[in-house]
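Before any comments, here is the structure.
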Number of protein chains: 2
Amino acid sequence: MSQHSGSGVAAAQERTGPKTERGRRTLRRLLDAAGEEFGVRGYHETAISHITQRAGVGLGTFYVYFKSKEEVFKALVADMGARTRHALSESVKDAPNRLEAERLGIQAYLEFVRMHKSLYRVVMEAQFVAPDAYRAYYRTFSDAYRQQLSQAAKRGEISDGDAEVRVWALMGASTFLGLKYGVWEDGADVNAVSEAAADLMINGLAPRAKNGDAS
Amino acid sequence: MSQHSGSGVAAAQERTGPKTERGRRTLRRLLDAAGEEFGVRGYHETAISHITQRAGVGLGTFYVYFKSKEEVFKALVADMGARTRHALSESVKDAPNRLEAERLGIQAYLEFVRMHKSLYRVVMEAQFVAPDAYRAYYRTFSDAYRQQLSQAAKRGEISDGDAEVRVWALMGASTFLGLKYGVWEDGADVNAVSEAAADLMINGLAPRAKNGDAS
DNA sequence: TTGAAACATGAGTCAACATTCAGGTTCGGG
DNA sequence: CCCGAACCTGAATGTTGACTCATGTTTCAA
């Protein structure tokens, strides 16, 4: 893969990134500004001039760093993907088993979304603005996830089942919960939501075997 | 709800729909053409002239039936919502219990998506083009769904749990599966996918109790 | 100190629509 | 046959905004 200077963003400029410190600072400002603007106004409502104004640079400067409007957008999607994967693998890294990992993962995901609302929107809009970037985002994600599930099944930590289908169902569930409770209702109790969600993912809807048992 | 003439689409024209047969035919042509165009090129890439050309009418005619580009789009989203709800309630109407209803529902949903790829895309893009219509779509949907789950829980057909969270998780799962296997991989075996998905939703990831278990 | 590479700038170009409008055409009841 | 309502039309208007470019300014190594 490409080197990711600073925070993992692939720069533009044909081949090489900025050479000087000033250049790197300007690139970062543009990227941050673009993320903000795209995040709140959406791709089509965002003008390059909005981005450069927010970044505090001249309009022409944008094209010193990016070939086109679409290019920044793609860079942002890729960046978000890397960050999300990083946050999740961190949160899950010392889970004792897969079921616990699921529980931790969904919770970390909701928190992450809430902390990055605008970039989250960018990813979702990519489906229409940059379909390739969107599919790449989920492909990368699902490849790793599927791997995890398959191995867990082999270890007997989860039941057998089509890992691919499960991965997409689980990603979909998380995505919608992120939208509803992370973006739309950002006052909701993330803990309670992720508990309920994890319970569904782990135990399903089926009634528990009746027993005198309980916690 | 509002009267839905013909196929459930809310017409434009300030207050009343077309008065003559010719008018109704033209409206329907425009609606169909718009659905097609928006579905394959997306909202922003679709020009009104594309729609009118596909419909075989003059450019100005569009504005006889719709106040704006956004208005057709919203009409389409609403129409798709009504159709989806109808298809699902049909498919589920004589399920013996909720778990079976879930199984049938997910399958019917995948089939429906595959039969209406373009309108499906319209709904998803509504998130950015007409957020209100999008939220309305899912609110209507989730209200009914939540109701179903709550009652089923009361009847003991499913376990207890936060119905709202479950509904959003389940809608998310279905949506993503629809995207992956209904739109992207339209050659996939819908039956196998929906079986695997239903199994996950019903039984979760947890390993099944060993046979001859205690209970 | 100096020259050239790197970086910055914003007025101007240009194509792409959404929407309007003034003037037809068709239809149906009287 | 006649008239008004309903319907149809596409050229013209006006706006918007991505992208270019000719001309600076800054940086830094030699």
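All chains are named by letter (A, B, ...) in the order of the sequence lines, taking the proteins before the strands, and each is independently numbered beginning at 1. Worth saying up front: this structure is predicted, and the values here are computed from it rather than measured. Just so it is clear, the values below take in all heavy atoms, side chains as well, and ignore hydrogens, waters and symmetry mates.
Taking the six-membered ring wherever Trp is involved, the centroid distance between the rings of A:Phe176 and B:Tyr138 falls below 6.0 Å.
In this structure, the CD atom of B:Gln53 is 13 Å from the C1' atom of C:dC17, given to the nearest Å. Taking atom NZ of B:Lys19 as the reference point, atom C1' of D:dC8 lies 18 Å away to the nearest angstrom. In this structure, B:Phe66 places its CZ atom 12 Å from P of D:dC8, rounding to the nearest Å. Between A:Glu71 atom CD and D:dC19 atom P there is a gap of 10 Å when expressed in whole angstrom units. Distance CG (A:Leu27) to P (C:dC7): 10 Å, rounded to an integer number of Å. Between the C1' atom of D:dG17 and the CD atom of A:Glu37 lies a distance of 14 Å, rounded to the nearest Å.
Side-chain atoms of A:Arg103 and A:Met201, non-hydrogen and from C-beta on, never get closer than 4.5 Å to each other. Inter-residue side-chain proximity for A:Leu170 and A:Tyr145 is flagged as met; some heavy-atom pair is nearer than 4.5 Å. Counting heavy atoms from C-beta on, the side chains of B:Leu179 and A:Gln127 come closer than 4.5 Å.
Between the side chain of B:Glu125 and the backbone N or O of B:Tyr43 there is at least one donor-acceptor pair closer than 3.5 Å. For the pair A:Arg114 (side chain) and A:Asp186 (backbone), a donor-acceptor distance under 3.5 Å is present.
Between A:Glu90 and A:Lys93, at least one side-chain nitrogen of the basic residue sits less than 4.0 Å from a carboxylate oxygen of the acidic one, meeting the salt-bridge criterion.
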Contact state string [nucleotides 18-30 of chain C, B base, S sugar-phosphate only, - no protein heavy atom under 4.0 Å]: SBB-----S----
Using salt bridge (charged side-chain N to carboxylate O under 4.0 Å, His left out), reason through B:Asp162 and B:Arg166 one step at a time and then give a plain yes or no. CA-CA 6 Å; B:Asp162 186 322; B:Arg166 285 174 163 188; over 6 Å; no
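For the helix from C:dT1-D:dA30 to C:dG30-D:dC1, the terminal axes (five pairs an end, C1' atoms, rotation from four pairs onto the next four) enclose an angle of 10°, given to 10 degrees.
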